Amino acid sequence: MTRKSKSEIGKSSLSKSLLVWYDRARRDLPWRAAPGERPDPYAVWLSEIMLQQTTVAAVKAYYEKFLALWPRVDDLAAASLEQVLQAWAGLGYYSRARNLHACAQRVVVEHGGVFPPRESELRRLPGVGPYTAGAIAAIAFDQPAPVVDGNVERVVARLLALETPLPAAKKEIFAFVADILPHDRPGDFAQAMMDLGATVCAPRAPGCLICPLARFCAARGGDPRDFPKKPPKKARPFRRGAAFVLRRADGAVLARRRPERGLLGGMTEFFGSDWREGRAEDWPEKRGRERAPCATANWRLAGEIDHVFTHFALRLAVFVAAAPADFSAPEGGFWLAADDLRAAAFPSVMRKVEACALKAWDLPAPAKPA
DNA sequence: GACCCGTGGAG
DNA sequence: TCTCCAAGGGT
């Protein structure tokens with residue numbers, strides 16, 4: 001029997017303390033299997049994609065909706081991209097939805113409808129990066145894969161009092177996690193690290209007094225909030241534009257689809273101008289109207305809406321008009337029937353435009369979709 | 001590595 | 001135009 005070094009004992013003890021805590025304090029989440037049970041890889045994958053840069057609270061309703069609409073991966077693969085985008089609308093980062101759909105089809109066609117258990121195979125699937133591949137391998141298949149997300153980065157940066165700023169510190173963090181990973185419960189270990197980061201080792205209010213890893217933590221004694229070190233953020237530019245909501249007598253509105261790639265790719269939107277950088281005073285009302293999809297309609301300004309994207313803020317002037325009787329949808333446009341409005345693949349910014357227009361017409365705001 | 005890509009909630 | 005951020009991935 002080989003003697004264990006002091007650091008090996010410390011690492012083993014750290015993992016044990018974490019798992020003991022996890023068995024008592026683990027969060028009960030819809031996609032999480034009961035203790036001792038193996039979760040459905042499809043459910044794990046679906047939840048992991050949705051949880052990318054997205055809060056648990058925001059994901060829950062979408063997760064339930066997707067699982068109800070498409071209980072298995074072949075159901076999702078058989079759906080149209082349009083249906084998937086409609087169901088994803090409002091959750092953000094829409095390339096995830098496009099990749100989700102493509103990934104489901106790949107799993108069906110290339111893997112017989114069964115998710116591959118190996119991290120290296122998972123990594124090749126669209127929308128599955130280093131984190132997600134490790135998470136699925138560990139959680140769904142109990143493979144000893146290191147799982148490093150934002151929570152784990154914060155927990156480890158504090159444990160080690162890492163002076164290296166992110167993202168440069170990722171290598172070091174990954175190596176540490178790989179080193180302490182217990183091979184008997186890799187799935188629970190991954191989820192325990194993330195639960196700890198989410199509920200105890202929180203960004204702003206770390207609960208060091210109740211932390212099971214406090215005795216291992218190098219940041220304890222100082223201010224844990226000093227870690228991880230992060231580079232300063234860039235200023236967010238301001239853009240401005242106009243949106244046009246044209247309404248037919250039967251209540252249908254004119255819409256179009258955005259290009260497959262790029263911002264809000266594949267999503268439905270109202271016609272509008274470009275969104276250009278500039279100050280509010282550089283955008284007189286008249287300039288917006290020039291871009292209207294129907295020159296003969298009597299456009300009036302309904303109001304303005306504000307929306308914040310990841311890398312710019314947007315203010316949109318919302319113009320509304322009744323469609324002339326002889327007007328037909330222009331190239332690239334289509335009429336969205338009043339009954340189909342609620343289910344349309346509108347991103348949140350377009351829901352704001354819609355709400356602004358409905359209010360101007362004194363129409364009731366649509367009920368929030370289930 | 002840098003930049004693009006949404007949204008809503010907490011503090 | 002408060003700031004910060006949440007189970008990242010693609011290019």
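Proteins come first, then strands; the chains are lettered A, B, ... in the order of their sequence lines, and each starts at number 1. All of these numbers come straight from a predicted model, not from anything done at the bench.
- As judged by a 4.0 angstrom heavy-atom cut-off over every strand, A:Thr132 is placed among residues touching the sugar-phosphate backbone only.
- For A:Arg204 and C:dC4, a side-chain-to-base donor-acceptor distance below 3.5 Å is present, hydrogens and geometry of angles not being considered.
- The phosphate of C:dA6 has neither OP1 nor OP2 within less than 4.0 Å of any side-chain N or O from A:Gln53.
- For A:Phe270 and A:Phe346, the gap between ring centers is short of 6.0 Å.
- Closest contact between the side chain of A:Thr310 and the listed nucleotides B:dC5, B:dG1, B:dC3 involves B:dC5.
- Residue contacts for A:Val147: at a heavy-atom cut-off of 4.0 Å it reaches no nucleic acid atom on any strand shown.
- None of A:Lys60, A:Glu48, A:Met50 except one satisfies the side chain to side chain contact (heavy atoms under 4.5 Å, CB included) rule with A:Trp31; the exception is A:Lys60.
- Rounded to whole Å, the distance from CG on A:Leu166 to P on C:dG8 is 12 Å.
- Contact between the side-chain N/O atoms of A:Tyr93 and the OP1/OP2 oxygens of C:dG10 is not found at any separation under 4.0 Å.
- Regarding A:Trp275, its CH2 atom lies at a distance of 10 Å from the P atom of B:dC5, rounded to whole Å.
- For A:Thr54 against B:dG8, a side-chain-to-base donor-acceptor contact under 3.5 Å is absent.
- Salt bridge status for A:Arg27 with A:Asp195: present, with a side-chain N to carboxylate O gap under 4.0 Å.
- Nearest to the side-chain atoms of A:Thr55 among the listed nucleotides C:dC4, C:dA6, C:dT1 stands C:dA6.
- Listed pair A:His311 / B:dC4 fails the phosphate criterion, with no side-chain N or O lying under 4.0 Å from OP1 or OP2.
- Geometrically, A:Arg256 engages A:Phe271 in a cation-pi contact, judged by NZ or CZ lying under 6.0 Å from the ring centre and within 45° of the ring axis.
- Where A:Ala57 and A:Gln52 each meet DNA chain B at their nearest nucleotide, the meeting point lying more 5' is that of A:Gln52.
- Protein atom NZ of A:Lys352 is 9 Å distant from nucleotide atom C1' of B:dT7, rounded to whole Å.
- Ranking C:dG10, C:dA7, B:dT7 by closeness to the A:Arg123 side chain, first place goes to C:dG10.
- Contact annotation: A:Arg154 reaches the phosphate of C:dA6 (side-chain N/O to OP1 or OP2, under 4.0 Å).
- In the set C:dA7, C:dG10, B:dC5, the nucleotide with an atom closest to the side chain of A:Leu263 is B:dC5.
- For the C1' atoms, the distance linking B:dG6 with C:dC4 amounts to 15 Å, nearest Å.
- If you measure from atom CZ of A:Phe346 to atom C1' of B:dT7, you get 18 Å, rounded to the nearest angstrom.
- Between the C1' atoms of B:dC3 and C:dA7, the separation comes to 22 Å (whole Å).
- Residue contacts for A:Pro237: at a heavy-atom cut-off of 4.0 Å it reaches no nucleic acid atom on any strand shown.
- For A:Lys170 and B:dG1, the shortest distance from a side-chain N or O to OP1 or OP2 is not below 4.0 Å.
- Residue-level contact check: A:Leu29 touches the bases, meaning some heavy atom is under 4.0 Å from a base atom.
- The pair A:Arg276-A:Asp274 does not count as a salt bridge, with every side-chain nitrogen at least 4.0 angstrom from each carboxylate oxygen.
- Residue contacts shown for A:Leu264 are limited to sugar-phosphate atoms, with no base heavy atom under 4.0 Å away.
- Distances were taken from every side-chain heavy atom of A:His307 (C-beta onward) to each of B:dT7, C:dA7, C:dC5; the shortest belongs to B:dT7.
- Salt bridge present: A:Glu304 and A:Arg240 bring a charged side-chain N and a carboxylate O closer than 4.0 Å.
- Distance noted for atom C1' between B:dG1 and C:dG9: 15 Å (whole Å).
- Among the atoms of the strands shown, base atoms are found under 4.0 Å from some heavy atom of A:Trp31.
- Residue A:Ile49 holds its CD1 atom at 14.0 Å from OH of A:Tyr93, rounded to the nearest 0.5 Å.
- For A:Ile49 and B:dC5, the CD1 to C1' distance is 15 Å, given to the nearest whole Å.
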Test ring pair (Phe, Tyr, Trp, His ring centres under 6.0 Å) on A:His307 and A:Phe309; report intermediate values, then the result.
CA-CA 7 Å; A:His307 193 74; A:Phe309 292 99; 4.8 Å; yes
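- When the nearest nucleotides of DNA chain C are assigned to A:Asp306 and A:Glu48 by heavy-atom distance, the more 5′-ward of the two goes with A:Asp306.
- Distance, A:Tyr131 OH to C:dA7 P: 9 Å, rounded to whole Å.
- C:dT1 atom P lies 14 Å from atom CG of A:Leu316, rounded to whole Å.
- Residue A:Arg236 is the one, among A:Arg236 and A:Arg27, whose nearest nucleotide of DNA chain C lies closer to the 5' end (criterion: closest heavy atom).
- Residue A:Arg261 is classed as a sugar-phosphate contact, given heavy-atom separations below 4.0 Å to backbone atoms only.
- Rounding to whole angstrom units, CZ of residue A:Phe238 and C1' of C:dC2 are separated by 15 Å.
- Residue contacts shown for A:Gly90 are limited to sugar-phosphate atoms, with no base heavy atom under 4.0 Å away.
- Within 4.0 Å (heavy atoms only), A:Ser348 reaches sugar-phosphate atoms of the nucleic acid but no base atom.
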